[in-house]
Amino acid sequence: MCEINLSRRALFTGAATVTALAAAPAAAQVARGQGFARVVPPAPTRDGKSALNPDQALQLLKDGNAAFLRGEIMDPDLSVQRRLDLARGQAPFVAYVSCSDSRVPPELLFGRGLGELFIVRNAGNTVDTVAKGSIEFAVAVLGVPLVVVMGHEACGAVKAAMDVVNKNARFPGAIDAMIEPIIPAVLEARGASGDATEAAIRQNVRRVVTNLRKRSDPLLMEPQAEGKLKVVGAYYELGTGRVDFFDMPR
């Protein structure tokens with residue numbers, strides 16, 4: 001009889017444990033204060049290309065970053081069917097130039113999924129021949145209506161360029177050559193009000209954006225003149241998660 005009672009007690013305890021474990025995920029959701037993840041459908045397409053105009057594409061990014069700031073759990077389509085669809089072709093709605101920094105993942109900042117952001121990443125978010133060709137491909141072939149160039153808070157490449165200017169620093173390997181295009185922005189930002197590093201980072205973005213707007217191949221110039229493409233400059237705050245789209249075409 002004693003053995004039977006012990007077995008019943010063990011069974012009751014085990015059942016209670018299973019119940020608690022089953023409830024844990026839901027409790028965790030509540031503790032995060034967000035409830036269930038919000039399903040994010042892919043951006044609309046038409047005839048194999050993005051169906052968005054430049055302003056709609058930019059608004060989609062702004063809305064996604066606002067949700068990111070609110071701590072919403074975004075759930076883009078990562079299904080097998082989505083992957084099979086993308087294997088037949090891609091239709092991104094933005095070409096996104098950003099730094100290689102591991103703290104700056106564009107898809108996560110905007111809650112977007114597979115096949116939506118055509119990303120060009122390198123330290124210092126500069127645009128060399130390879131990067132420019134990638135952007136031109138995204139615009140001319142894939143039909144993206146928006147190009148964003150984004151710098152970020154505490155960018156190491158810009159800080160290195162500042163050290164070259166202010167301390168005559170040198171860096172090993174190809175790092176010197178990599179940061180060379182950033183030096184003019186550092187020089188132009190000297191004397192600006194506010195934080196010197198942020199000023200240089202924003203000026204680096206402005207220089208890249210200006211080149212894409214005014215000194216590019218007709219592949220980029222013509223769709224901009226026709227209102228089919230916009231090039232925008234942005235700055236990402238690491239601490240807050242906010243993306244400031246501060247350089248807009250006039």
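Counting begins at 1 with the first residue of the sequence.
- What you find for Ala138 and Ala95 is that their closest heavy atoms are CB-CB, 3.9 Å.
- Within the hydrophobic cluster formed by Ile, Leu, Val, Met, Phe, Trp and Tyr side chains joined at under 4.5 Å, directly or through other members, Leu86 is accompanied by Leu78, Leu114.
- Among the candidates Val120, Leu61, Val149, the single residue satisfying the side-chain contact (heavy atoms from CB on, under 4.5 Å) test with Tyr96 is Leu61.
- Closest approach of Pro92 to Ser50, counting heavy atoms only: O-CB, 3.6 Å.
- The two atoms that bring Ala234 and Phe245 nearest to each other are CB-CD2, 3.8 Å, heavy atoms only.
- Across Val232 and Met248, no two heavy atoms sit closer than the pair CG1-SD, 3.6 Å.
- Of the inter-residue distances, the one linking Leu229 atom CG with Asn53 atom CG reads 11.5 Å to the nearest 0.5 angstrom.
- Rounded to the nearest 0.5 angstrom, Asn166 CG and Leu187 CG are separated by 9.0 Å.
- Using modelled atom types, one finds no donor on one side chain facing an acceptor on the other under 3.5 Å when comparing Gln59 with Asp55.
- Under a hydrophobic clustering in which Ile, Leu, Val, Met, Phe, Trp and Tyr are joined whenever their side-chain heavy atoms come within less than 4.5 Å, directly or via other members, Val148 and Tyr235 fall into different clusters.
- Residue pairs meeting the salt bridge (charged side-chain N to carboxylate O under 4.0 Å, His left out) criterion with at least one member in residues 241-250, sequence neighbours excluded: Arg202-Asp244, Arg213-Asp247, Glu237-Arg242.
- Shown are Val147, Val130, Asp217, Val231; of these, the side-chain contact (heavy atoms from CB on, under 4.5 Å) with Ile135 is made only by Val147.
- A salt bridge links Arg207 with Glu188: the distance from a Lys NZ or Arg NE/NH1/NH2 to an Asp or Glu carboxylate oxygen falls below 4.0 Å.
- Proximity of a side-chain donor or acceptor of Arg121 to a complementary backbone N or O of Asp101 within less than 3.5 Å is detected.
- With rounding to the nearest 0.5 Å, the separation of CZ in Arg38 from CG in Asp75 is 10.5 Å.
- Annotation: Glu180, atom CD; neighbour count of heavy atoms from other residues, nucleotides and ligands within 6.0 Å does not exceed 12.
- Across Leu108, Val40, Val39, a single residue satisfies side-chain contact (heavy atoms from CB on, under 4.5 Å) together with Met74, and that is Val40.
- Under the 4.5 Å side-chain heavy-atom criterion for ILVMFWY residues, a single connected hydrophobic cluster contains both Phe171 and Val186.
- In this structure, Asp163 has no side-chain hydrogen bond (donor to acceptor under 3.5 Å, both in side chains) partners at least two apart in sequence or on a different chain.
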